[in-house]
Amino acid sequence: MNARHFYAIALSGYVGLFGIIMLWNTLISPPEKLPVALVLIFTVSPLLLPLRGFIKGNLKSCSWMAYLSMPYFMHGSIEAYARTERLLPSLEVLFSLMLFLGATFFVRYAARNK
């Protein structure tokens, strides 16, 4: 596999993670005590910070995107352990791992080919 394949994995992990967080916090299980907008600001905005460079394939932005995926992995793992319904947390873990591994290997192989 070359760097572009890993970039495609990272990008699909990003889209899946963004989508599952948006759906989880708005339609599937909206928060009862906090406004939905406030929850979305805290959960989605970290993913938006390096997005411009990530889409362009900037190596520094891709490495930051990999770092930012780890809190989502931890959140999904804790939620999968604590809940009886494990589909959404498992998807969060899967997409965050796709983003982390795809971005990490993309940076590794793209830096080698420069």
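None of the values given here were measured: they were computed from a predicted structure. Sequential numbering from 1 along the given sequence is applied to the chain's residues.
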I'd like to check Met65 versus Leu49 (side-chain heavy atoms, cut-off strictly below 4.5 Å). Are they in contact? no

Taking every heavy atom of Ser69 against every heavy atom of Leu99, the minimum-distance pair comes out as CB-CD2, 3.7 Å

Which atom pair, heavy atoms only, marks the closest approach of Pro50 to Pro46? CD-O, 3.5 Å

Only counting residues at least two apart or in another chain, list the ones meeting ring pair (Phe, Tyr, Trp, His ring centres under 6.0 Å) with Tyr7. Phe54, Phe106

Thr43 backbone acceptor or donor facing Tyr72 side chain under 3.5 Å: yes

Check the hydrophobic clustering (I, L, V, M, F, W, Y; side-chain heavy atoms under 4.5 Å; chains of links allowed) and say if Leu51 and Ile41 are grouped together. no

Take the angle between the ring planes of Tyr14 and Phe18 and call it parallel below 30°, perpendicular above 60°, tilted in between. parallel

Taking all non-hydrogen atoms of both residues, which atom of Ala66 and which atom of Ala103 are closest, and how far apart? CB-CB, 3.9 Å

Where do Val107 and Cys62 come nearest, in terms of heavy atoms and distance? CG2-CB, 3.7 Å

On a heavy-atom basis, the closest approach of Val39 and Pro31 is CG2-CG, 3.5 Å

Is the distance between the ring centroids of Phe73 and Phe100 under 6.0 Å? no

Strictly by salt bridge (charged side-chain N to carboxylate O under 4.0 Å, His left out), give each pair with a member in residues 70-79 just once, sequence neighbours left out. Glu79-Arg83

Examine Ile20 and Leu97 and state if one hydrophobic cluster contains both, with Ile, Leu, Val, Met, Phe, Trp and Tyr joined whenever side-chain heavy atoms are less than 4.5 Å apart. yes

Can you tell me which residue pairs pass the salt bridge (charged side-chain N to carboxylate O under 4.0 Å, His left out) test with a partner in residues 42-69, sequence neighbours excluded? none

CG of Leu40 to CG of Leu34: how many Å apart, nearest 0.5 Å? 11.0 Å

